[in-house]
Visitor: 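Before we start, here is the structure in question, set down as structure tokens.
We use all heavy atoms of the structure for the numbers below, so side chains are in, but hydrogens, waters and symmetry mates are not.
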Amino acid sequence: MTGSDDRQIAVTGMGATTPLGGDVKTTWEAALAGTSGVRPLQADWLERYPTLPVEFACRLAEPVTEKLKVPEIKRLDPSGQYALISAREAWAHAGAPEVEPERLAVCMASGIGGLYTTLQTYDTLNEKGARRVLPMSVPMLMPNGPAAAVGLELGARAGVHSPVSACASGSEAIAQGVDLIRRGLADVVLAGGTEGCIHPVTIAAFGAMQALSKRNDEPERASRPYDVDRNGFVMGEGSGAIVLESLAHAKARGATIHAILSGVGVTSDGYHISAPEPEGKGAARAIRAALADADLAPADVIHLNAHATSTPVGDVAEAQAIRLALGEATDDVAISATKSMTGHLLGAAGALEAIFTVLAVRDGIAPPTINLDNQDPKITLDVVGKEPRKLTGTDRVAVNNAFGFGGHNVALAFRNAD
């Protein structure tokens, strides 16, 4: 489980702004306490669109005004604002590594991008005319806007990348960061995902797909992965970012190493635009690929942070994928479904859940899964219930799954630092 320092990637910094907290520390504490981030929507557009099927979501726990200056807020779409907040925390947490700009890269993804800016610009055009459209509209709405903002903040010149793979985007950005370091194209990469699109358009659109829970009478119980009464996901917003560097580079500068990102697996289903391959074959290949890349066996895995969105079909397909990939070792793996607390952060989900996985192997504790009152008998997994669970052993290996519309599958394998 060691591998060469050139292929082992150190996680040396983490940052986040989420429905549970304004940074990693408060988010992790709230997750371990089993806190629900679901809140009734307070938006003025609820009255304007009375036919919207959902009146709740997982909005940020801390307003951006607590972390950003007014000019920064004005020149960035919400997705860019959240990315900048998480990136700044991650960079500071890593000790602001001294690295040549030509050896520093950014991979910051978004599944949907600057939706707010796109729609507001369209409204401005219709209501006030072309002369009132903001000159910064394009940089704000473009999908690579958050990555560009972070890249400019850090002065990165080894590449600024924005993989777009729906709800697997944040994880694919991390995988891309690993690849840049292993190929020798960068020494340090800031990678993650961001999303800020809780809007009547997305609520109406996801609602039309029957993808959202409509439990308006008890919203804090709406996100319930694996429970027999789950009926869809809860939309969330936020961002997560991690700092990656080769293990050799991190050791050379004396950095604090929070975990090792040992393996990545990226596959696609080639099956359906929105439904997972029902037997979980594509997702299973991603998990197997991550373990093979890390030179790990299924029996090495003791924890898995699942994608687990709380949709009836998706949860079952992922459970089958996990069992297909891990075989008999599945029964010894503690499974956490943290979207039960955070909701589904779409393009940021994989990045935030990668942070949860790093913290789980570092601290030796698996976060809880709330709202699991009656586990679906089709899901034969050892799910961590409403209380966190201690992870025993000195070698702690965990996998993080992320999937997206279009059949995107990403698995990341982490282990605790030596």
Side-chain angles (χ1 to χ4, degrees), residues 16-19 43 45 57-60 64 68 72-87 105-125 133-153 156 159-177 190-206 208-209 211-212 233 235-241 273-274 309 343-352 402-408 410:
T17 183
T18 79
W45 40 256
C58 287
R59 308 219 73 157
L60 288 187
V64 296
L68 299 178
E72 294 173 325
I73 295 171
K74 286 185 176 180
R75 67 176 169 80
L76 292 170
D77 180 81
S79 58
Q81 297 166 13
Y82 307 164
L84 197 56
I85 291 171
S86 68
V106 168
C107 298
M108 180 58 72
S110 177
I112 293 181
L115 179 76
Y116 259 99
T117 299
T118 301
L119 296 174
Q120 287 179 348
T121 302
Y122 185 66
D123 287 345
T124 299
L125 175 64
V133 169
L134 295 176
M136 285 294 289
S137 296
V138 172
M140 291 170 68
L141 65 84
M142 60 190 193
N144 60 316
V150 174
L152 288 168
E153 171 87 0
V160 172
H161 305 272
S162 314
V164 177
S165 46
C167 301
S169 296
S171 294
E172 187 148 3
I174 293 172
Q176 192 167 356
L190 188 142
T194 186
E195 206 75 86
C197 65
I198 296 175
H199 186 280
V201 166
T202 51
I203 291 176
F206 280 120
M209 299 179 75
L212 297 180
F233 70 80
M235 283 188 65
E237 63 181 0
S239 179
I273 188 61
S274 59
T309 61
H344 192 352
L345 272 59
L346 307 178
L352 175 59
F403 313 127
F405 282 174
H408 303 276
V410 181

Visitor: Find the distance between SG (Cys58) and CG (Leu345) and round it off to the nearest 0.5 Å.
Guide: 7.5 Å
Visitor: Rounded at 0.5 Å granularity, tell me how far CD in Glu172 sits from SG in Cys167.
Guide: 12.5 Å
Visitor: Got a sec, which residues hit side-chain hydrogen bond (donor to acceptor under 3.5 Å, both in side chains) with Thr17, two or more places apart in sequence or on another chain?
Guide: none
Visitor: Show the numbers, then the answer: is there a side-chain contact (heavy atoms from CB on, under 4.5 Å) between Leu68 and Ile85?
Guide: CA-CA 7 Å; Leu68 299 178; Ile85 291 171; 3.8 Å; yes
Visitor: Quick one: does Ser171's side chain have a donor or acceptor within less than 3.5 Å of a partner on Ala402's backbone?
Guide: no
Visitor: If you take all heavy atoms of Ala173 and Gly192, which pair is closest and at what distance?
Guide: CB-O, 3.4 Å
Visitor: OG of Ser79 to CG of Leu84: how many Å apart, nearest 0.5 Å?
Guide: 11.5 Å
Visitor: Sequence neighbours left out, what passes side chain to side chain contact (heavy atoms under 4.5 Å, CB included) with Ser86? Give chain and number order.
Guide: Met108, Ser239, Ala241
Visitor: Could you check Ser162 against Asn144 for side chain to side chain donor-acceptor pair (under 3.5 Å), going step by step and ending with a plain yes or no?
Guide: CA-CA 5 Å; Ser162 314; Asn144 60 316; 5.3 Å; no
Visitor: Got a second to check how far Glu195's CD is from Leu115's CG, nearest 0.5 Å?
Guide: 9.0 Å
Visitor: Can you name the closest pair of heavy atoms from Met235 and Ile203 and give their distance?
Guide: SD-CG1, 4.1 Å
Visitor: Please round to the nearest 0.5 Å and tell me the distance separating atom CD of Glu237 and atom CD1 of Ile198.
Guide: 4.0 Å
Visitor: So which heavy atom on Pro143 is nearest to which on Val164, and how close?
Guide: CB-CG2, 4.4 Å
Visitor: Do you know the tightest heavy-atom contact between His344 and Phe233?
Guide: CB-CD1, 3.7 Å
Visitor: In Å and rounded to the nearest 0.5 Å, what is the OG to CD1 distance from Ser169 to Ile174?
Guide: 11.5 Å
Visitor: Might you point out which heavy atoms bring Thr124 and Val133 nearest each other, and give the distance in Å?
Guide: CG2-N, 4.1 Å
Visitor: Could you check whether the rings of Phe206 and Phe405 sit parallel, tilted or perpendicular, using 30° and 60° as the cut-offs?
Guide: tilted
Visitor: Write down the atom of Thr194, the atom of Ser110, and the distance for their closest heavy-atom approach.
Guide: O-OG, 3.2 Å
